[in-house]
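Here the structure is laid out as structure tokens; the discussion comes afterwards.
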Amino acid sequence: MSLASSKKYEVIVIGAGHAGCEAALAAARMGCTTLVVTANIDTIGLMSCNPSIGGVGKGHLVKEIDALGGEMGKAADTAAIQFRRLNTRKGAAVQATRIQADRQTYRTYMKKALESEPNIEIKQAMVEEFLVDGKKVAGVKTALGEKFFSDTVVVTPGTFPGGLIHIGLTRISSGRAGEAAAGAISNSFADLGFTTGRLKTGTPPRFDGRTIEWDKLERQDGDENPVPFSFSARKITTEQMPCYITYTNEETHRVINENIDKSPLYSGLIKGIGPRYCPSIEDKVVKFPDRSRHQIFLEPEGRNTYEIYPNGISTSLPIEVQHEFSRTMEGLRNVEIMRPGYAVEYDFLDPTQLGATLESKLLENIFFAGQVNGTTGYEEAASQGLIAGINAALRVKGKDPFVLGRSEAYIGILIDDLVTKGVDEPYRMFTSRAEYRLILREDNADLRLGELGHSIGLLSDERIEKFRTRKTALENELARLEKEKVVPNEKTNRILENLGSQRIKKPQSLKEILRRPGFTYEMLGFIDSAANPDISPKLGAQIEMEVKYEGYIKRQKEEVEKLQKFENMKIPETFEYGSIPGLSNEIVQKLSRVKPESVGQASRVSGITPAAISVLLVHIRKTRGLEQEAQLKSSSAS
């Protein structure tokens, strides 16, 4: 049918959670007129579960979002009430940043960011239907019958599609506590031919901090010298708030075991699959009966509230049982619950129906991002939203798509995993998912992605100049450390011994000295007569990592170069796998369903064997040879 409208947008974003905010800001900042349609304007950017951003793997995503020009890192720095650097005693690849956030400050910041963007228009409405013109999505229709038309649509509905909350044996149709579910949009997915499934996530009860005996708990303070998420941030000077630690005990576990039949998880009411790496307290008690206790972090939800988030006791048990088991823990004998914990089931889209740009393979101009793709977590959602928003804008402008590879970014790993392997449980990012962890560190995200962010129009000229200045300083200092020699003499050796390092017997470069175990860039200042005073502690730490892991980084880059030929070998979208002799029916079905875009992507599809890839390579080379032969004959004939 032919569609027309008096007003048309270039990008429509459905939803304004973490994915929706990044998608809308990216599209708008790239010059597209963007409409954000959300069920509740007051919950734009809401942290609906835990009041924290980052962590191992997740912090890497936030740094990459910032390096590309996204907003999450800035919002996190602004709203932070505690900064913690994780895994500082482990290798550089797994060190990560995590902040506790003031939920209301974060929400207010992100709402203002959207409202302040000239190219963004916001409307409060519930989308019920997609408008389709042939094989292309051309807009949306709301519950009030309004029709909004656009060149592209980005779908980021979170847990709202088919949302069902469980508290004990009570079930409530809801996307999250207090807000209506979105049933009609789930039906629209089916009407368009998408395959969907059910997943589950959960949240703990919220405690009244005035009823907690804080003096009986273990205090956990933030870092003395906080490391911000945003590469554009100055020194963090905001006052930090402490978290506290308590533990479950045998009495807690007894109460849970005695009431396990009242849990919808174990009564059969919940059909969706929950996150394996973030289990409910019921799951922990049942599946780990030998554990006598589990650690619980009591995290403040903000500066101006008494509400406390007990990280580690996600539950869907009845409210009276939540009260009972909570009060068995140290410091919580008289605790009052302000909001009950609950589990929420929701519909998600099989992400193998999407390409690496997060555009649907079934219909053109529609992109999906966030929990609707089977992920869990704010950071995973925001990463997808950023990429979907970028690609929606590029589609509008008629430019080449933007895709990050597995060796370029954790964001590339996240999306590649989703679209090639799909999900059978909520997907969460871990550093263990990265094959090339040492070249994908938090500290070098801007070096990896800054130029890309600038080239697509998200990183300002001012920010890219600062980045280039820092990059030049890094390269110059690394070159100087390799060139400058330390001569063995009594003074130098005495300094080295005082620093806990071995004496030298022959001249060594500063780089060789820095490579020693336990030797820091700061220590070089005691023996380096030409030390550069303009090198900041932050840049010094990065220089130290580059030097100490130089050999490993070089090997990983060589591996990337070898594997790149498979990533660059594209597979036509119309490729007929059934015509290839030597492939089993199962492998043909999987490749035909996923439709990998390259041989490298095909190799990562679940169940695809190395033998099948060898057969595929032979057939692609043969096909290319025949095409080239035909082109030569055609040229000769003409």
Could you tell me which non-hydrogen atom of Met72 sits nearest to which non-hydrogen atom of Tyr378, and how far apart they are?
-> CE-O, 3.6 Å

Is a side-chain N or O of Asn391 found less than 3.5 angstrom from the main chain of Ile387, in a donor-acceptor match?
-> yes

Does the side chain of Arg470 reach to within under 4.5 Å of the side chain of Gln542, using non-hydrogen atoms?
-> yes

Is the shortest heavy-atom distance from the side chain of Thr203 to the side chain of Tyr342 under 4.5 Å?
-> yes

Does Glu408 reach the main-chain N or O of Leu404 with its side chain, forming a donor-acceptor pair under 3.5 Å?
-> no

Do the non-hydrogen side-chain atoms of Leu192 and Leu362 ever get within less than 4.5 Å of each other?
-> no

Enumerate donor-acceptor pairs with a distance under 3.5 Å from any side-chain N or O in residues 122-129 to protein atoms, sequence neighbours excluded.
residue : atom : partner : partner atom : Å
Lys123  : NZ   : Glu121  : OE2          : 3.2
Gln124  : OE1  : Ile41   : N            : 2.9

How close do Pro351 and Asn373 get, heavy atom to heavy atom, and via which atoms?
-> CG-O, 3.4 Å

Leu394 and Thr357, any side-chain heavy atoms less than 4.5 Å apart = no

So, the side chain of Ser52 versus the backbone of Asn50: is there a donor-acceptor pair under 3.5 Å, distance only?
-> no

Please, which pairs that meet salt bridge (charged side-chain N to carboxylate O under 4.0 Å, His left out) have at least one residue in residues 53-62, sequence neighbours excluded?
-> Lys58-Glu379, Lys58-Glu380

Work out which heavy atom in Leu46 is nearest to a heavy atom in Arg107; give both atom names and the distance.
-> CD1-CD, 4.1 Å

Option passing side chain to side chain contact (heavy atoms under 4.5 Å, CB included) with His60 (candidates Leu414, Ile413, Thr431) = Thr431

After noting the C-alpha distance and the side-chain angles of Tyr346 and Leu199, does the key distance pass the side-chain contact (heavy atoms from CB on, under 4.5 Å) rule?
-> CA-CA 6 Å; Tyr346 57 95; Leu199 290 176; 3.8 Å; yes

Using the salt bridge (Lys or Arg N to Asp or Glu O under 4.0 Å) rule, pick out the option among Arg103, Arg84, Arg98, Arg206 that qualifies with Glu299.
-> Arg98

Checking Lys595 against Phe575: charged group under 6.0 Å from the ring centre and within 45 degrees of the axis?
-> no

Arg29 with Glu71: basic N within carboxylate O range, under 4.0 Å = yes

Side-chain (Thr108) to main-chain (Thr105) donor-acceptor, under 3.5 angstrom = no

Begin from the C-alpha positions of Tyr106 and Thr78 and carry the test side-chain contact (heavy atoms from CB on, under 4.5 Å) through to its verdict.
-> CA-CA 7 Å; Tyr106 189 96; Thr78 301; over 6 Å; no

Can you check whether Gly31's main-chain N or O pairs, donor with acceptor, with Lys397's side chain at less than 3.5 Å?
-> no

Do the numbers put Arg433 on top of the ring of Tyr427, so that NZ or CZ is under 6.0 Å from the six-membered ring centre and no more than 45° off the axis?
-> yes

Got a sec, which pairs hit side-chain hydrogen bond (donor to acceptor under 3.5 Å, both in side chains) with one end in residues 231-240, sequence neighbours left out?
-> Ser230-Ser232

For Asp443, enumerate each residue passing the salt bridge (Lys or Arg N to Asp or Glu O under 4.0 Å) test, keeping only those at least two apart in sequence or located in another chain.
-> Arg441

Who pairs with Glu364 by salt bridge (Lys or Arg N to Asp or Glu O under 4.0 Å), at least two apart in sequence or on another chain?
-> none

Partner set under ring pair (Phe, Tyr, Trp, His ring centres under 6.0 Å) for Phe229, not counting sequence neighbours | none

Residues in side chain to side chain contact (heavy atoms under 4.5 Å, CB included) contact with Leu459, at least two apart in sequence or another chain = His454, Arg463, Ile464

Partners passing side chain to side chain contact (heavy atoms under 4.5 Å, CB included) against Thr305 (at least two apart in sequence or in another chain) | Glu301, Glu307

Residues which pass side chain to side chain contact (heavy atoms under 4.5 Å, CB included) with Ala80, listed by chain and number, not counting sequence neighbours | Phe83, Ile99

Apply side chain to side chain contact (heavy atoms under 4.5 Å, CB included) to Pro118 and list each qualifying residue two or more places apart in sequence or on a separate chain.
-> none

Considering residues at least two apart in sequence or located in another chain, which fulfil the salt bridge (Lys or Arg N to Asp or Glu O under 4.0 Å) criterion with Arg437?
-> none

Check: Glu597 side chain, Lys570 main-chain N or O, donor-acceptor pair, under 3.5 Å | no

Please confirm whether the backbone N or O of Ile411 pairs with a side-chain atom of Glu64, one donor and one acceptor, at under 3.5 Å?
-> yes

Across all chains, not counting sequence neighbours, the salt bridge (Lys or Arg N to Asp or Glu O under 4.0 Å) partners of Arg593 are Asp350

For salt bridge (charged side-chain N to carboxylate O under 4.0 Å, His left out), just list the numbers for Glu465 and Arg468, CA-CA rounded to whole Å, side-chain angles, deciding distance to a tenth of an Å, and then say yes or no.
-> CA-CA 5 Å; Glu465 281 308 313; Arg468 288 170 179 164; 3.1 Å; yes

Do Asp151 and Lys8 sit within salt-bridge range, that is, some charged N less than 4.0 Å from a carboxylate O?
-> yes

Donor-acceptor under 3.5 Å (Glu345 side chain, Lys200 main chain) | no

Would you please indicate if the ring centroids of Phe189 and Phe368 are separated by under 6.0 Å?
-> yes

Just do the side-chain contact (heavy atoms from CB on, under 4.5 Å) check on Val140 and Leu35 with the steps written out, would you?
-> CA-CA 11 Å; Val140 300; Leu35 172 66; 5.8 Å; no

Flag, side chain of Lys111 to backbone of Asp42, donor-acceptor distance under 3.5 Å | no

Give a yes or no answer on whether the side chain of Thr33 reaches the backbone of Glu10 with a donor-acceptor pair at less than 3.5 Å.
-> yes

Begin from the C-alpha positions of Ser360 and Phe194 and carry the test side-chain contact (heavy atoms from CB on, under 4.5 Å) through to its verdict.
-> CA-CA 9 Å; Ser360 156; Phe194 290 106; 3.4 Å; yes

Leu418 vs Gln384 side-chain heavy atoms within contact, under 4.5 Å | yes

